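First up is the structure itself, then whatever we jot down about it.
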Amino acid sequence: MTINRLTFVLLALPLAACASDPSPETSAQADADVAAVTAEIEATVDEMMAAFNGGDAATVASHFAADTRVMFHGLPDMDAAQNEAALRQQVADPAVDLQVSNEEIDVAEAGDMALYTAKYAYRFTNPASGEPMVENGNWAMVFKRQSDGSMKVYRDIVADLPPAENVSTAR
């Protein structure tokens, strides 16, 4: 069986189209989507921080997905309802203050998920001693696009640093 040149060209064209570089418009669109998702996550985190420091647990909780899982200092994982209850308890402390630094946002190529990471300094009242404390640690949140189009926290991981490293120079 012989394939003439015309048949070969007709068969090779679809393959060549798949192998070509994306057009500048496609690349620019992908960059714009990453920038838009990054800006969306930044705005969400800013709102969450302001609400947390302002004592508004309901607003913070509204940014968590219904199927969220929160992993906090080796405690059992929390679902959305348990997380909101913990948030209410935390923001009730008059000494509460949460600050972040070294923030990074990595957006998945499809734009449907993003990873937010930061260092944190959390000021609170020690429930056992009544003394003010500062806890420093690492924070990671995975955001996932929801059916309504919003990006919400799908996974939240908070890991404090060991006591020897848990000294804050912030503020």
Side-chain angles (χ1 to χ4, degrees), residues 27-127 130-161 165-171:
S27 181
Q29 180 64 38
D31 290 344
D33 290 345
V34 167
V37 173
T38 299
E40 181 180 3
I41 300 301
E42 287 172 345
T44 298
V45 171
D46 288 348
E47 184 176 335
M48 290 172 70
M49 295 293 296
F52 187 88
N53 289 326
D56 185 356
T59 296
V60 178
S62 74
H63 291 289
F64 284 80
D67 61 346
T68 195
R69 182 179 330 144
V70 177
M71 296 164 240
F72 189 77
H73 300 310
L75 296 173
D77 292 355
M78 291 184 280
D79 63 20
Q82 293 164 324
N83 182 50
E84 185 168 1
L87 287 167
R88 288 186 188 286
Q89 200 170 31
Q90 288 174 313
V91 302
D93 180 352
V96 75
D97 181 60
L98 179 61
Q99 301 298 317
V100 292
S101 61
N102 298 333
E103 298 172 274
E104 290 184 17
I105 299 170
D106 296 309
V107 178
E109 190 173 306
D112 60 340
M113 295 187 89
L115 173 64
Y116 167 89
T117 57
K119 301 281 186 190
Y120 72 85
Y122 173 54
R123 289 169 177 74
F124 64 102
T125 304
N126 181 321
E131 296 294 316
M133 291 190 64
V134 177
E135 173 187 287
N136 293 291
N138 298 303
W139 189 11
M141 290 188 285
V142 177
F143 286 80
K144 184 177 178 183
R145 181 81 54 206
Q146 303 298 296
S147 61
D148 67 358
S150 66
M151 290 289 273
K152 293 200 175 191
V153 179
Y154 176 64
R155 298 292 183 259
D156 186 19
I157 305 161
V158 179
D160 57 329
L161 294 172
E165 298 175 42
N166 204 356
V167 177
S168 177
T169 57
R171 288 175 128 186

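Just so you know, these numbers come straight off a predicted model, no measurement behind them. Atom set for the values below is all heavy atoms of this structure, side chains included, hydrogens, waters and symmetry mates excluded.
Inter-residue side-chain proximity for Met113 and Tyr154 is flagged as met; some heavy-atom pair is nearer than 4.5 Å. No side-chain heavy atom of Leu98 sits under 4.5 Å from any side-chain heavy atom of Val96. Counting only heavy atoms from C-beta outward, the side chains of Asp112 and Lys144 never approach each other to under 4.5 Å. By the 4.5 Å heavy-atom criterion applied to side chains, Met49 and Val60 are not counted as neighbours.
Nearest heavy atom pair, residue Glu103 against residue Ala118, reads CG-CB, 3.9 Å. Shown here for Ala65 and Lys152, the closest heavy-atom pair between the two residues is N-CB, 3.7 Å. Across every non-hydrogen atom of Ala114 and Ile105, the tightest pair is CB-CG2, 4.5 Å. Contact detail for Val37 and Gly111: the closest heavy-atom pair is CG2-O, 3.8 Å.
Applying the salt bridge (Lys or Arg N to Asp or Glu O under 4.0 Å) test to pairs two or more places apart or on separate chains, those with a residue in residues 40-53 are Glu40-Arg145. Within the structure, ring pair (Phe, Tyr, Trp, His ring centres under 6.0 Å) contacts touching residues 86-123 (residues at least two apart or in different chains) are Tyr116-Trp139, Tyr122-Phe124. For the ring pair (Phe, Tyr, Trp, His ring centres under 6.0 Å) condition, no pair includes a residue of residues 57-100, sequence neighbours left out. The list of salt bridge (Lys or Arg N to Asp or Glu O under 4.0 Å) pairs with a residue in residues 53-64, not counting sequence neighbours, is empty.
Every salt bridge (charged side-chain N to carboxylate O under 4.0 Å, His left out) that Asp77 has, sequence neighbours left out, goes to Arg69. In this structure Asp106 satisfies the side chain to side chain donor-acceptor pair (under 3.5 Å) test with no other residue, sequence neighbours excluded. For Asn138, the side chain to side chain donor-acceptor pair (under 3.5 Å) criterion is met by Lys119, not counting sequence neighbours. Partners of Ala95 by side-chain contact (heavy atoms from CB on, under 4.5 Å), not counting sequence neighbours, listed by chain and number: Asp93, Thr125. Legend: residues meeting side chain to side chain donor-acceptor pair (under 3.5 Å) with Asp148, ordered by chain and number and at least two apart, are Ser150.
Atom CE in Met133 sits 5.0 Å away from atom CG in Asn126 (nearest 0.5 Å). Rounded to the nearest 0.5 angstrom, Ile41 CD1 and Glu104 CD are separated by 14.5 Å.
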Less than 3.5 Å apart, which donor and acceptor atoms pair up between the side chains of residues 82-91 and the rest of the protein, not counting sequence neighbours?
residue: Gln82; atom: OE1; partner: Asp79; partner atom: N; Å: 2.8
residue: Glu84; atom: OE2; partner: Arg88; partner atom: NH2; Å: 2.6

Met141 vs Val45, side chain to side chain contact (heavy atoms under 4.5 Å, CB included): CA-CA, chis, key distance, verdict: CA-CA 10 Å; Met141 290 188 285; Val45 171; 3.9 Å; yes
Could you walk me through whether Thr59 and Met48 pass the side chain to side chain contact (heavy atoms under 4.5 Å, CB included) test, one step at a time? CA-CA 7 Å; Thr59 296; Met48 290 172 70; over 6 Å; no
